[in-house]
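Here is the structure we will look at.
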Amino acid sequence: MAESAACPAFLLGGARYDQGSFFGRLRHFIDIIDPSTLFVSEKQLKESIKLLDDYKHGTLPPGVSDLQLWEAQKIKQAIIHPDTGEKIFMPFRMSGYVPFGTPIVIGLLLPNQTVLSTIIWQWLNQSHNACVNYANRNATKPTPTSKFLQGYVGAVTSAVSIAVGLNVLIQKANKLSPATRMIIQRLVPFPAVASANICNVGLMRHNELSEGIDVLDNNGNVVGSSKVAARHAIMETAFTRVVLPMPIFVLPPIIMSYLERLRFLQSNRRLLLPIHSVVCLVTFGLSLPVAISLFPQMSQIEVSRLEPEIAMATDCKVVTYNKGL
């Protein structure tokens, strides 16, 4: 009994953990962002896809366990986009978000930033975010390159403007003590990144609002394209992009301001950057699965809340859509 509870019966396209609960989604997304999937070979990927195809067509070799099937699906979901069926470029996969994004977070949180360094780090951060958003978008409808570029320019401009503006205000605040000014300066990246992340998601996926996204019935068949579902998908994703940087950009500055006062680190200043890097990595690694677990990737919405033509096209009371990540 314990074995079957630990590994439920495999369901193609389903989730190994309960997606109706936050903790079930958390376990699911820890699988999705598992950095070990970055090292999966082309051979392993092909074997995983073949295993899932065999299961789908009822030609599965004897002796294949549910655990093997869940692992095969984990590998496919981590690497292959669910809508396009194409491989996602490694740095832009959700499993690559923490390893490739941590150096940028470290740069954003470095003390004594100049205007130029602020601009460079904010540009790098929003460039990475834009590519991750685009690579993991709902791709049931094509997005023109011009829309991608508009979204990218808008996100970078908003992030840089807010970060530079706040830094200039802090530098002009003469009444603040140097220590207070440094702490506030270190917290500047959060409002800049959070507001830019909202712009980033909205602008990068604006096409979905005008075109709609596919909604599926209980059998996985496309019922129609819904702009209402697209709006829900973008709002949910934008919310997670505000929650995500909160601990990443708030906790490390507070932790580091405490650690820097320790006598050991005051006499070993060269250890500050490695410790700062570890704090950023751990915070980022913990924050990402929590933030993206707030909503299921395959979200559901009542048909009565959608367009009348979709309600007329199906007998289902609830339909499903890919929220994107």
Side-chain angles (χ1 to χ4, degrees), residues 30 33-36 38-39 89-133 135 152 155-156 158-167 170-171 178-179 181-197 200 240-262 264-292:
I30 285 171
I33 67 161
D34 181 359
S36 69
L38 295 172
F39 303 102
F89 185 46
M90 192 184 289
F92 308 145
R93 295 174 195 166
M94 292 311 291
S95 55
Y97 200 25
V98 172
F100 289 95
T102 298
I104 298 171
V105 170
I106 293 165
L108 281 165
L109 291 173
L110 288 173
N112 304 316
Q113 297 268 12
T114 63
V115 171
L116 180 61
S117 67
T118 299
I119 291 170
I120 290 170
W121 287 115
Q122 289 289 347
W123 166 68
L124 283 171
N125 185 52
Q126 289 307 319
S127 297
H128 186 232
N129 282 348
C131 292
V132 170
N133 287 338
Y152 172 69
V156 170
S158 61
V160 169
S161 304
I162 294 164
V164 171
L166 288 172
N167 268 329
I170 291 160
Q171 283 165 4
R181 192 181 300 169
M182 181 174 280
I183 291 171
I184 295 174
Q185 215 161 9
R186 281 179 161 181
L187 294 172
V188 161
F190 171 64
V193 169
S195 52
N197 281 357
N200 201 321
T240 64
R241 292 298 194 275
V242 174
V243 173
L244 174 59
M246 198 180 293
I248 298 170
F249 291 112
V250 172
L251 291 179
I254 294 169
I255 293 167
M256 288 309 295
S257 65
Y258 169 75
L259 292 177
E260 283 167 8
R261 292 200 295 268
L262 297 177
F264 172 73
L265 284 177
Q266 285 181 350
S267 57
N268 294 276
R269 306 296 291 179
R270 71 183 75 179
L271 293 176
L272 280 175
L273 185 57
I275 290 172
H276 180 230
S277 303
V278 170
V279 170
C280 290
L281 178 64
V282 170
T283 314
F284 197 177
L286 293 173
S287 303
L288 180 59
V290 170
I292 59 177

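We count residues from 1, following the sequence as given. Given the structure is predicted, the values throughout are model-derived calculations rather than measurements.
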Taking only residues two or more places apart in sequence, or in another chain, which ones meet [X] in a side chain to side chain donor-acceptor pair (under 3.5 Å)?
X: Ser127; value: Trp123, Tyr152
X: Gln122; value: none
X: Asp34; value: Ser36, Lys74

How many angstroms lie between [atom1] in [X] and [atom2] in [Y], if you round to the nearest 0.5 Å?
X: Cys280; Y: Leu251; atom1: SG; atom2: CG; value: 10.5 Å
X: Leu271; Y: Leu262; atom1: CG; atom2: CG; value: 11.5 Å
X: Leu108; Y: Leu124; atom1: CG; atom2: CG; value: 8.5 Å
X: Ile292; Y: Ile33; atom1: CD1; atom2: CD1; value: 5.5 Å

Minimal non-hydrogen separation, [X] against [Y], with atom names:
X: Phe264; Y: Ser267; answer: O-OG, 3.1 Å
X: Ala135; Y: Phe92; answer: CB-CB, 3.8 Å
X: Thr240; Y: Ala291; answer: CG2-O, 3.3 Å
X: Ile30; Y: Pro289; answer: CG1-CB, 3.9 Å
X: Leu272; Y: Met256; answer: O-CE, 3.8 Å

Pro247 and its side chain to side chain contact (heavy atoms under 4.5 Å, CB included) partner, picked from Thr283, Leu288, Leu286: Thr283

Evaluate the criterion side chain to side chain contact (heavy atoms under 4.5 Å, CB included) for residue pair Leu273 and Ile106; output intermediate values, then yes/no. CA-CA 9 Å; Leu273 185 57; Ile106 293 165; 4.2 Å; yes

With a 3.5 Å distance limit and no angle check, can you tell me whether Asn125 reaches the backbone of Trp121 through a side-chain donor-acceptor pair? no

Decide if atom CZ of Arg270 counts as having more than 12 heavy atoms of other residues, nucleotides or ligands within a radius under 6.0 Å. no

One pair to check against side chain to side chain contact (heavy atoms under 4.5 Å, CB included): His276 and Leu259. What are the steps and the verdict? CA-CA 9 Å; His276 180 230; Leu259 292 177; over 6 Å; no

Tell me, which pairs form a side chain to side chain donor-acceptor pair (under 3.5 Å) where one or both residues lie in residues 89-103, sequence neighbours left out? Thr37-Ser95, Tyr97-Asn129

Please name all residues satisfying side chain to side chain contact (heavy atoms under 4.5 Å, CB included) with Arg261, sequence neighbours left out, ordered by chain then number. Tyr258

With sequence neighbours left out, what residues match Pro91 under side chain to side chain contact (heavy atoms under 4.5 Å, CB included)? Phe89, Phe100

